[in-house]
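Just so it is clear: chains get the letters A, B, ... in the order the sequence lines come, proteins before strands, and each one is counted from 1.
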Protein chains: 2
Amino acid sequence: MANIKDVAERAGVSVATVSRVLNGNSPVAETRERVLAAVRELGYRPNNVARALRTARTGALGLVISDLTNPFFTELADAVEDAARSLGYSLVIGNAGERPEQQDDYIRTLLDRRIDGLLVSSAGTGSAMLREVVASGTPLVLLDRTVPGIDAPCVRADGRAALTDLAAHLAALGRRRPAIIVAPAGTPTGDERLELFRAALAAHGIPLPDERVGASLDLQHTGGRRVMSDFLDLPEPPDAVLATDNLMALGAMDELRARGLRVPDDMALVVYDDVPWFAHTDPPLTAIAQPTRDLGRAAVQALLERIEGRPAATVLLPARLVTRHSCGEPVTEQPVGGPANRQSADGPASGRPGDEPAAGRSADGSAPGRNVGRPATEQSCDEPTTGRPRGGSPTV
Amino acid sequence: MANIKDVAERAGVSVATVSRVLNGNSPVAETRERVLAAVRELGYRPNNVARALRTARTGALGLVISDLTNPFFTELADAVEDAARSLGYSLVIGNAGERPEQQDDYIRTLLDRRIDGLLVSSAGTGSAMLREVVASGTPLVLLDRTVPGIDAPCVRADGRAALTDLAAHLAALGRRRPAIIVAPAGTPTGDERLELFRAALAAHGIPLPDERVGASLDLQHTGGRRVMSDFLDLPEPPDAVLATDNLMALGAMDELRARGLRVPDDMALVVYDDVPWFAHTDPPLTAIAQPTRDLGRAAVQALLERIEGRPAATVLLPARLVTRHSCGEPVTEQPVGGPANRQSADGPASGRPGDEPAAGRSADGSAPGRNVGRPATEQSCDEPTTGRPRGGSPTV
DNA sequence: AGGCCCTACGTAATCGATTACACGGCGGCC
DNA sequence: GGCCGCCGTGTAATCGATTACGTAGGGCCT
């Protein structure tokens, strides 16, 4: 591959001139054309490695994601990638698979690669490497999950409003024995969701006793299923369950189906994370939608602030309740074909310009360009009021 | 951050010696300890950028994936990442989002970054940049999708056996009017799947007329739904539909549900790509499982061959039919909780330890560590023979 | 006309590693 | 005892860019 020296020779100038023409740092006139011609003829492309060495900027960001196969994180990663790209950065990605050692491994590799900044949705709460990252001075932004003792801004969703709405929703529907499936003990995210939910329920005089708080053994299908099973074996089983992660929700649903129980008749079910296919299940699931793409964008934004030397603050973006049919009474609706909060992207650095139809209340639920030639599924196929006419099985 | 010179000074040796100690190139004795001590005390880590400039090897692979939010590609990306990592490579990832220009953009960026090798699951068939890649001499391996005119090995799944089995399955169940939803016209993958399916059906005397071949306008939910709608409006609608992509299948299911049609009673449905949650739908979907993780591993493998100067051949790994309940008669089963073909890896290039039992025939369907204390869902919740006892809605 | 400044460009240092080559010391061999 | 070769190490070139600094030439002012 041609290098800058080849270009210089062909254009009959020095390498400095070539560099200047290409970077536009110094105004260059007449030779400019000769240089550009040489570049074209040789198909020259600057070597980013050399440039990075000299400038101490690689133009790459690192992302260590807790579990890439978890749809929530997939979307998050996608949003991050999108935002990074639109700002001219490449993304080096690492999947920790919820294993803290692997996470540390990755962080080390990324540091060695001298990425310009690091985004981490941490698996586990006590990471030695994270401490090293802040010590090294590499800009760091935490994503979705806080890590106690790490001094870095964290971008995540605030579930308070959604959980408040959810508590009201459940209370209105007469559910008196709610339960919650949370992440393994000690996870900040899990603890927080539990406390918020409990407080929100308390406002309606509904208790959330410890026996109806199930800590899953993992953030997977298996753990969620196990907890649901335990709930169902209780002398007085819950009449509503909130699963605080989509994979755990999947397991919970399987357990319900395995026992021949029906949603929402026998059990109301609400899931955290509104992954695309939740809108396509039967019944469509009521979910707490995190503004995933906005989180990704905001995180990259915050990271750039830090890279450019400015301070960046922690960002809390509101999650919201997307009421579908898995608790009984349908209330508001989303268009079929995508979960809520899937926002079309706009300018590279945009925050959240006029996009959401203010919290879950779009009039007819049909977005332009979707449902081509068809009425919205959820309207046309689902029971008009309460009760379940076709008596379908619980299903996913 | 400390550099090699700092280490050299502290250890009282030259930089060359430090480098040799660290790379083990030359046997170094007594000074060795001093150097290692200095490295430890300074927390020195070699700068990969500088090393890459000097050695012309970055230790990074590029992956340009057609659509990261498509679960099939998510899993593929995850497998690639896993394999790359275990071989000491980092992964720079780019999501083309099925947009050829964006794909070219990414490829250019990756080339500029001097990645050691490139993996591409191409969106679109005529990529100018791909041609440049081979011209540049950067090792290239195509993933899942061939690109005519590009001289590079391609790693993908072979659907012949699966489609043959599927044709037999459908014939045995008395389905005489099959249909297929394929990718937009001209996609090699779509064309191939169509031809194989048609040939397989012909062996049973079942025709696949053009009116029951629906080319989707995109590889998304919307396109699949539209095609299913057209099928249903036919004077003689099909009695079985194969959707050749999981997102299109989702749309097809929505359309069925919207019309109040039931699977498998009113329509048999088979999907290409066995994404995790297909095993959790009601009824569980019969699917064609591509050996996703193996594909990822094989691709990285092949890429390494090329990087190391050896030739690499195209790899075809067999997909297989996972018979569940969406065509009627249940036949074989998979354990709940994971799609088929999620194979446990071997050796250092391993994916996840102790995962699935051998290919889809475990006696009771319960893998150790899963379904704790419960029988397998699909056995316990589904109708024993044919017909649908609870008369549930089609559902996802 | 001379001094100054600005513009356009070249020379060379620099980033942090790897590595070819040189060199001193020492043991073995004849 | 002298020569050869090897071992351990240092010196310096190198990868391909960016950029501080120097310089020549031209325009403008006094």
For [N], does OP1 or OP2 lie under 4.0 Å from any side-chain N or O of [X]?
{"X": "A:Ser19", "N": "D:dT18", "result": "yes"}
{"X": "B:Thr17", "N": "D:dG10", "result": "yes"}
{"X": "B:Thr55", "N": "C:dA17", "result": "no"}

TODO: Compare every heavy atom of B:Val147 with every heavy atom of B:Ser122, then report the nearest pair and how far apart it is.
DONE: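 Closest pair (atom of B:Ser122, atom of B:Val147, distance): CB-CG2, 3.5 Å.
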- [ ] State, to 0.1 Å, how close B:Ser136 and B:Val133 come at their nearest heavy-atom pair, and which atoms those are.
- [x]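 Reported closest heavy-atom pair: OG-O, 2.8 Å.
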Calculate the interatomic distance between [X] atom [atom1] and [N] atom [atom2]; express it in whole Å.
{"X": "A:Leu42", "N": "D:dG16", "atom1": "CG", "atom2": "C1'", "result": "15 Å"}
{"X": "B:Leu22", "N": "C:dT19", "atom1": "CG", "atom2": "C1'", "result": "15 Å"}
{"X": "B:Lys5", "N": "C:dA17", "atom1": "NZ", "atom2": "P", "result": "11 Å"}
{"X": "A:Arg114", "N": "D:dA17", "atom1": "CZ", "atom2": "P", "result": "21 Å"}
{"X": "A:Arg20", "N": "D:dG16", "atom1": "CZ", "atom2": "P", "result": "20 Å"}
{"X": "A:Arg34", "N": "C:dG10", "atom1": "CZ", "atom2": "P", "result": "8 Å"}
{"X": "B:Asn3", "N": "C:dC15", "atom1": "CG", "atom2": "C1'", "result": "10 Å"}
{"X": "A:Asn23", "N": "D:dA20", "atom1": "CG", "atom2": "P", "result": "13 Å"}

- [ ] Scan side-chain atoms only and decide if A:Ser66 and A:Asn70 contain a donor-acceptor pair under the 3.5 Å cut-off.
- [x]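 Distance-only check fails for A:Ser66 and A:Asn70.
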Task: Short side-chain donor-acceptor distance under 3.5 Å, A:Thr69 and B:Glu75 - done: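 Their side chains do not contain a donor-acceptor pair, so the 3.5 Å distance test is not met.
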Open item on the list: Name the residue from B:Asp144, B:Leu143, B:Leu130, B:Leu63 that meets the side chain to side chain contact (heavy atoms under 4.5 Å, CB included) definition with B:Val120.
Closed with: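 So, applying the side chain to side chain contact (heavy atoms under 4.5 Å, CB included) to B:Val120 and each of B:Asp144, B:Leu143, B:Leu130, B:Leu63, only B:Leu130 qualifies.
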Task: Out of C:dC9, D:dA12, D:dG10, whichever nucleotide has its closest atom nearest the side chain of A:Thr31 - done: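 Taking heavy atoms from C-beta onward, the closest nucleotide is C:dC9.
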- [ ] Specify the residues of residues 47-54 of chain B, ordered by number, for which at least one heavy atom lies under 4.0 angstrom from an atom of DNA chain D.
- [x]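 Nucleic-acid contacts, sorted: B:Leu53, B:Arg54.
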Task: Residues which pass side chain to side chain donor-acceptor pair (under 3.5 Å) with B:Arg99, listed by chain and number, not counting sequence neighbours - done: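 Expected list: B:Gln102.
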Could you give the side-chain donor-acceptor pairs of residues 89-96 of chain B under 3.5 Å, partners two or more places apart or in another chain?
residue, atom, partner, partner atom, Å
B:Tyr89, OH, B:Arg57, NH2, 2.8
B:Ser90, OG, A:Arg113, NE, 2.7
B:Ser90, OG, A:Arg113, NH2, 3.2
B:Asn95, OD1, B:Leu68, N, 3.0
B:Asn95, OD1, B:Gly97, N, 3.0
B:Asn95, ND2, A:Asp78, OD1, 2.6

